[in-house]
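Note sheet for the following structure.
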Protein chains: 2
Amino acid sequence: MKIDPSSPADLSVQIAAAIRDAIVSGQLIVDQRLPSEAELCAQFDVGRTTVREALKRLAAQSLIRTQRGATGGAFVNRLSFEEAYSQQITTSTLLLSMNAVSFETACEARYALERACAPLSAIRRSADHLATMRAEIHRQGQPGLTDEAFCASDVAFHRALVDGAGNPVMSYQLAGAVEAMQPLMNMITFTARSRERIIALHSRIADALEAQTAPETEAALSELEGYTLTLGRDVMARRAQARAAP
Amino acid sequence: MKIDPSSPADLSVQIAAAIRDAIVSGQLIVDQRLPSEAELCAQFDVGRTTVREALKRLAAQSLIRTQRGATGGAFVNRLSFEEAYSQQITTSTLLLSMNAVSFETACEARYALERACAPLSAIRRSADHLATMRAEIHRQGQPGLTDEAFCASDVAFHRALVDGAGNPVMSYQLAGAVEAMQPLMNMITFTARSRERIIALHSRIADALEAQTAPETEAALSELEGYTLTLGRDVMARRAQARAAP
DNA sequence: TATCTTCATATGTCTGACAATTAGGATTTG
DNA sequence: CAAATCCTAATTGTCAGACATATGAAGATA
C-alpha cells in the first residue's frame, strides 16, 4: 500500500483508496484489525488528521468500523445485507430526486424488476409472506388511514412480495426500486389514486401468489403498472394545465 | 440542523447525518454551497476537526464535493448515474464476497434481473447496441483470448443488452448484477466452460434482439442460466471431491 | 474467588499553526 | 486604455501537540 505525496489528489483520498483496494482485493479480510492510527501515520508518513479523514471516508461506506479503548481500532467490516439495503435506498432516492428521471422511466424500471420476482415468489413465498401481504391489504382498507401510512403499507406489501422470492441478492437489488421509487410515485399520485382499485390489485397479486401462479401475478403487476402510469400522466397533465392558466 | 453533544454517537457522525438529512429532504439543493468549515464550527459549536471529518464522510458518499480557494467550499453534489453505478458495483462486489452467497442464489438473481430487461431491450435496442453485442461476440471467438479478456467481453455483452432497454434506472439497478456477479461467476466457471457454447448462446440472444422477439431472448437467457448453473455445480462438486481425497 | 483499582492503549475532539489553491482586486507596464 | 502582473483575502488541506474518553487487562484487595 503506497501513496504519492506529489499527486494532486488529496492524501486522505489516496490513503482511503489504498486501504479500500486492500479490502476489495482480499488482502485485508473481514474482522481483521487495521494498524492503529499512529501506525498508519508512520506507514504513510502523514499526520494523524490525514489518516483519520481517510478512515472516516471508509467508515462512511461501511467498509470499516471503529472501536475505542485498549483493544480498539479500525476493523474490516462485514458488509451486511441490511447496511447494503439502506445505502442503496439512499443512493436511489438521491439519484431519482437529482436527475430529472421521468415518471414513466422510474415506473417502468420498478415494475419490470418486480415482475422478475414474481416467478420465484410464486414458488417460494412462505405463509409468513402471504400473511404480511394480507395484513397490509387489510390495513390499506381501513378508513382514516393517512396518505403517509398508506404509502408505508404499500411499500411493506411490495417488500413482502420481493422477499417472498427467497433470494437475498434480489431483495438487495430491489431495495432501491421498492423503497425509493414507490414513495416517489406515491408522492405524485396520492391525490388522484383510488385506494379501492389498488387494494383490489394487491388482493389479486396475493391470491395469485397463494395459488402459486406466476403468470397471473405478473399480469396483475402489469395492470398495477398501467394504472400507476395513467395516474402519473393525469397528474402531470393537470399540473401542466395549472401552469398554463393560473 | 441540530446535534446533541451528550449523545453517545460521535459528533462527526451526527453532523454528517444532519447535513445528509438536509440534502435528502431538499433543504440544501444541488450545487448549493454549504457554510464554510469555520461557519459550521460556530453553528454546531465544535472544533474544525470534527466538522471536517463529517464533511469527508459526506464526500465519500458523493453527497458533496469540495473546492479549494477563495470562492471554494463544500457544494451539494449532483449524484450522477456514473457515480451511482460505481458505488453499486463496489457495494455488490463486497456484499457477495463477504456474505457467503451461494452460487445458485447469485446466478438466479442475476438472470432473473437480466430477463426483466429482455422485453424492453427487444423493443428499444438501437443499432449501436446490436453492433456492440456482435463485436463482443466476435472478440469472444478469437483464439488466444485470455480468460480475463473473455470475462470483460462477456460483461460488455451483457451490459449492452441491459443498456439496450433504454432505461437508465434499470441500467443503474443492474450494474451490480452484471458487473459484480458476472466476474464472480466467470472466476468460478472459467476452468470448465465451453466458449463455443457461450458464444452460440450470445449469438442466439443477439439474433433474438435483432428480430425483436422477447420470448426467444428470455429463453436463450434461461438456457445460459441453466448452463452456468450446471458449470457452477460441476466445479463445486469437483472441489468437494478434491478436498475429500487430496 | 470475586471485586475493585490502576494503567496502558486506542480513538474522539480541540486548538493553533502553516501550506496550497484560487478568485478578484490593485498595480504596473506597454 | 488594455493587458499583464502582483497582491490579498478566503478557503480547504495538512500537521503537531494536547487533552478527553472509552475499554480491556493486569494487579491489588477483601
Side-chain angles (χ1 to χ4, degrees), chain A residues 1-20 22-23 28 31-77, chain B residues 1-20 22-23 28 31-77:
Chain A
M1 292 200 295
K2 283 282 177 296
I3 60 171
D4 172 18
S6 69
S7 156
D10 292 351
L11 293 176
S12 70
V13 172
Q14 293 185 56
I15 293 173
I19 298 177
R20 177 165 37 241
I23 294 175
L28 292 169
D31 291 334
Q32 186 173 341
R33 184 180 180 280
L34 270 64
S36 73
E37 294 177 357
E39 288 169 312
L40 289 171
C41 293
Q43 186 172 330
F44 291 109
D45 195 29
V46 297
R48 199 177 149 215
T49 315
T50 309
V51 163
R52 280 184 60 79
E53 287 185 1
L55 293 178
K56 295 312 138 198
R57 293 184 126 98
L58 298 173
Q61 298 181 300
S62 303
L63 284 173
I64 61 170
R65 61 177 186 280
T66 55
Q67 207 178 345
R68 293 171 74 166
T71 58
F75 298 83
V76 178
N77 191 38
Chain B
M1 292 199 294
K2 283 284 178 294
I3 61 171
D4 171 19
S6 68
S7 155
D10 293 350
L11 293 176
S12 69
V13 171
Q14 292 184 57
I15 293 173
I19 299 177
R20 177 164 36 241
I23 294 176
L28 292 169
D31 291 333
Q32 185 172 343
R33 184 180 180 281
L34 271 63
S36 73
E37 294 177 356
E39 288 169 311
L40 288 171
C41 293
Q43 186 171 330
F44 290 110
D45 195 29
V46 298
R48 197 176 152 218
T49 317
T50 309
V51 164
R52 280 185 60 80
E53 286 185 2
L55 293 178
K56 296 311 139 198
R57 294 183 126 99
L58 297 173
Q61 299 181 302
S62 303
L63 285 173
I64 62 171
R65 60 177 188 279
T66 55
Q67 206 179 345
R68 292 170 75 164
T71 58
F75 298 82
V76 178
N77 191 38

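Proteins get letters first, then strands, A, B, ... in listed order; numbering begins at 1 in each.
In plain terms, the two heavy atoms of A:Ser12 and A:Ala54 that are nearest each other are O-CB, 3.3 Å. Here the closest non-hydrogen pair linking A:Ala60 and B:Gln61 is O-NE2, 3.4 Å. Counting all heavy atoms, side chain and backbone alike, B:Pro35 lies closest to B:Gln43 at CG-OE1, 4.0 Å. The two residues A:Leu11 and A:Asp4 make their nearest non-hydrogen contact at CD2-O, 4.5 Å.
Side-chain contact between A:Arg57 and A:Leu63 is absent, with no heavy-atom pair separated by less than 4.5 Å. With contacts defined as side-chain heavy-atom distances shorter than 4.5 Å, the pair B:Thr66/B:Leu55 does not qualify. Using a 4.5 Å heavy-atom threshold, the side chains of A:Leu34 and A:Glu39 count as separate.
A side-chain donor-acceptor contact under 3.5 Å links A:Gln14 to the backbone of A:Ala9. At distances below 3.5 Å, not a single donor-acceptor pair connects side-chain atoms of A:Asn77 with backbone N or O atoms of A:Arg65.
Contact check of residues 42-55 of chain B against DNA chain C (heavy atom, cut-off under 4.0 Å) returns B:Val46, B:Gly47, B:Arg48, B:Thr49, B:Thr50. Listed by residue number, B:Lys56, B:Thr66, B:Gln67 are the residues of residues 56-67 of chain B with a heavy-atom contact under 4.0 Å to DNA chain D.
With rounding to the nearest 0.5 angstrom, the CD1 atom of B:Ile15 is 13.0 Å from the CZ atom of B:Arg52. In this structure, CD on B:Gln32 lies 12.5 Å from CD1 on B:Ile64, to the nearest 0.5 angstrom.
Where DNA chain D meets chain A (any atom under 4.0 Å from a heavy atom), the bounding nucleotides read 5' to 3' are D:dG13 to D:dG24.
Atom CG in B:Asp10 sits about 11 Å away from atom P in C:dC14, given to the nearest Å. Going from atom CD of B:Glu37 over to atom C1' of C:dA17 covers 15 Å, rounded to whole Å.
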Anything under 3.5 Å between a donor and an acceptor, one on a side chain of residues 44-51 of chain B, the other on a protein residue two or more places apart or in another chain? List them.
unit_1  : atom_1 : unit_2  : atom_2 : d
B:Arg48 : NE     : B:Glu37 : OE1    : 2.6
B:Arg48 : NH2    : B:Glu37 : OE1    : 2.9

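Contacts of A:Arg33 classified as salt bridge (charged side-chain N to carboxylate O under 4.0 Å, His left out), with partners at least two apart in sequence or in another chain: none.
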Along nucleotides 2-9 of chain C, 5' to 3', which nucleotides get a B, which get an S, and which get a -, given that the test is a protein heavy-atom distance under 4.0 Å? ------BB

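For a distance-only test at 3.5 Å, the side chain of B:Arg68 qualifies as a donor-acceptor partner of the base of C:dA20.
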